[in-house]
Protein chains: 2
Amino acid sequence: MTMRQQLSSLKLGVEPDLPRKPGRPKGGRSDQTRERILDAAEQLFADRGYDGASIRDVAAAAGLQIHSVGYHFGPKEQLFDAVVARRADIMTGLRREALAEARQRAGGAAISIMQLVRDYVSPFIQSASHGDEGWRNYAALMGRLANSPLGTGIIARHYDQTAREYIAELQRALAGADPEDVVDGFSAMVAAMLGICAATGRPERLSGRASRRPPEDSFETLVRFHTAGFLTLTIA
Amino acid sequence: MTMRQQLSSLKLGVEPDLPRKPGRPKGGRSDQTRERILDAAEQLFADRGYDGASIRDVAAAAGLQIHSVGYHFGPKEQLFDAVVARRADIMTGLRREALAEARQRAGGAAISIMQLVRDYVSPFIQSASHGDEGWRNYAALMGRLANSPLGTGIIARHYDQTAREYIAELQRALAGADPEDVVDGFSAMVAAMLGICAATGRPERLSGRASRRPPEDSFETLVRFHTAGFLTLTIA
DNA sequence: GCATTTTTTATACATACGTACAAATAAATA
DNA sequence: TATTTATTTGTACGTATGTATAAAAAATGC
């Protein structure tokens, strides 16, 4: 029995609802099907990676036949991109909104480092900890994607623009700091954010804790920790 | 043409040397074969992930027939573990050595935060930047493994013990800080370390730089940044 | 010098994969 | 009511996968 087969026998959180009959569904039922496929793909890609999750697994987890996935999303790569894009758009919206508000409050002055760190990281960690299972799967998927060649292009497409805006504000608030250092600090912050939400169990093992520390607690630590890190970059 | 097939046509750094004949090679030639297989597997696992790299690809990259891989390493999972283990042992040795020296220098007193950060991170970043191609591939592989379920057990097996020793020293140096915060800081440090060596090209894109920043420069920034982060944890 | 061991090649097998095609069915449209 | 469109099912195809078996060939050991 291969590892993939072992994994395939795992229960998935996406309940198959009902076996459905062929035929055009009434109303926008197809949108619902698309969401179900994306949910199932999100979980499987997060758990097993792009190559480890098959289209068959996705279809089965969504309670559909194989070809329905291809019908709605085309080839596998497009399905993967659709999974990432769905919540990336939401995430980017939240971050841009927070940035706009912070800019307004600052009224022309530089935004504080702590505020920038908080505003960038908070939507992700809040979604991953308070959101539904889909958000948790999405967070795990993004963590897995972070250092992989496959993820690079997708992340660039969906997240780089907003990242650059935050970096510009960080550099403004850290006048005198080497801009490259600020980028490194930003990268460190993102890496820590993804690590917190990955739920690998490593922090528990390293601290001897029995249960997982609430991501909100780690979030507060992350904000303090990385704010201090950024501030030290101004000291040449 | 599938994506995997496109990738398969890429040139690999492991040159096939010569087609060899069957039969027992003289001397410890088999050790050399094992190293070649590990080198090829290291690169392919780093580039394409566990499921994305096939045993056939590994064998071809090493200039061998398919079954030679299975002969030397058994099933695929054992090959993967052997790839990780080979350099993990070296890395762990360097870190423990550095820690022992630092303890001796401190002579019973707590080791400085900056020293601990430097000693833990330095072997990895130095190997990944000054070492041969194998070390670069290994660093990329570890980054890819960091947030994946598959990597969790392997990392635990090879890296947790040393990590706990460093964390204990960090907690000693940060008397008064919440031990859980220290673990979060350590996790952040490791995540940043892996991100620097992943060579995804994202820092270049975010900073507008044409070429990659030398990892040594990022290393110095990481040390400063994370030392400041740890120090702020003592302020309740 | 002959038998044994080690390592490699060559081939085979059952399964899983991504994708495509044809048919069926129900809603929407006219 | 007749036609079209949208969506799902069922099946099929060629290829790739992990693993196993059999054979061959070179070095070693007695």
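These numbers come from the heavy atoms of this one structure, side chains and all, not from hydrogens, waters or symmetry mates. Just so we're on the same page: letters track the sequence lines, and every chain starts at 1.
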Participant: Give the rounded distance in Å between these two atoms: NZ of B:Lys76 and P of C:dT15.
Facilitator: 19 Å
Participant: Please compare A:Ile55 and A:His67 by the position of their nearest nucleotide in DNA chain C and report the one closer to 5'.
Facilitator: A:Ile55
Participant: So does B:Ser68 get a side-chain nitrogen or oxygen closer than 4.0 Å to the phosphate oxygens (OP1/OP2) of C:dT7?
Facilitator: no
Participant: Which is it for B:Phe186 and B:Tyr166 under the ring pair (Phe, Tyr, Trp, His ring centres under 6.0 Å) test, yes or no, and what are the steps along the way?
Facilitator: CA-CA 9 Å; B:Phe186 180 85; B:Tyr166 271 83; 7.4 Å; no
Participant: When you measure from the side-chain N and O atoms of B:Thr33 to the phosphate of C:dT7, is any distance below 4.0 Å, counting only OP1 and OP2?
Facilitator: no
Participant: What integer distance in Å separates B:Phe80:CZ from D:dG18:C1'?
Facilitator: 16 Å
Participant: D:dG10 C1' sits how many Å from A:Arg56 CZ, rounded?
Facilitator: 12 Å
Participant: For A:Tyr71 and B:Ile66, take the nucleotide of DNA chain D holding the closest heavy atom to each; which residue's nucleotide lies nearer the 5' end?
Facilitator: A:Tyr71
Participant: State which residues pass side chain to side chain donor-acceptor pair (under 3.5 Å) with B:Asn137; sequence neighbours excluded, sorted by chain then number.
Facilitator: none
Participant: Whole-Å distance between C:dT19 P and A:Phe73 CZ?
Facilitator: 14 Å
Participant: Indicate yes or no: does B:Arg86 engage B:Asp39 in a salt bridge with an N to O separation below 4.0 Å.
Facilitator: yes
Participant: Which listed nucleotide (D:dT7, C:dG18, C:dT7) is nearest to the side chain of A:His72?
Facilitator: D:dT7
Participant: Just do the salt bridge (Lys or Arg N to Asp or Glu O under 4.0 Å) check on B:Arg95 and B:Glu165 with the steps written out, would you?
Facilitator: CA-CA 10 Å; B:Arg95 283 177 176 150; B:Glu165 289 188 38; over 6 Å; no
Participant: Check the distance between D:dG18's P and B:Asp51's CG and give it to me in whole angstrom.
Facilitator: 8 Å
Participant: Measure CD/A:Gln32 against C1'/D:dT7 and give the value in whole Å, please.
Facilitator: 14 Å
Participant: So, is B:Ser54 close to the D:dT17 phosphate, meaning a side-chain N or O under 4.0 Å from OP1 or OP2?
Facilitator: yes
Participant: Would you say A:Gln65 places a side-chain N or O within less than 4.0 Å of OP1 or OP2 belonging to D:dT8?
Facilitator: no
Participant: Between C1' on D:dT19 and CD on B:Gln78, what's the gap in Å once rounded to a whole number?
Facilitator: 13 Å
Participant: Between B:Glu77 (CD) and D:dT17 (C1'), how many Å, whole number?
Facilitator: 15 Å
Participant: Kindly write out the residues that satisfy side chain to side chain donor-acceptor pair (under 3.5 Å) with A:Arg144, not counting sequence neighbours, or none if the list is empty.
Facilitator: none
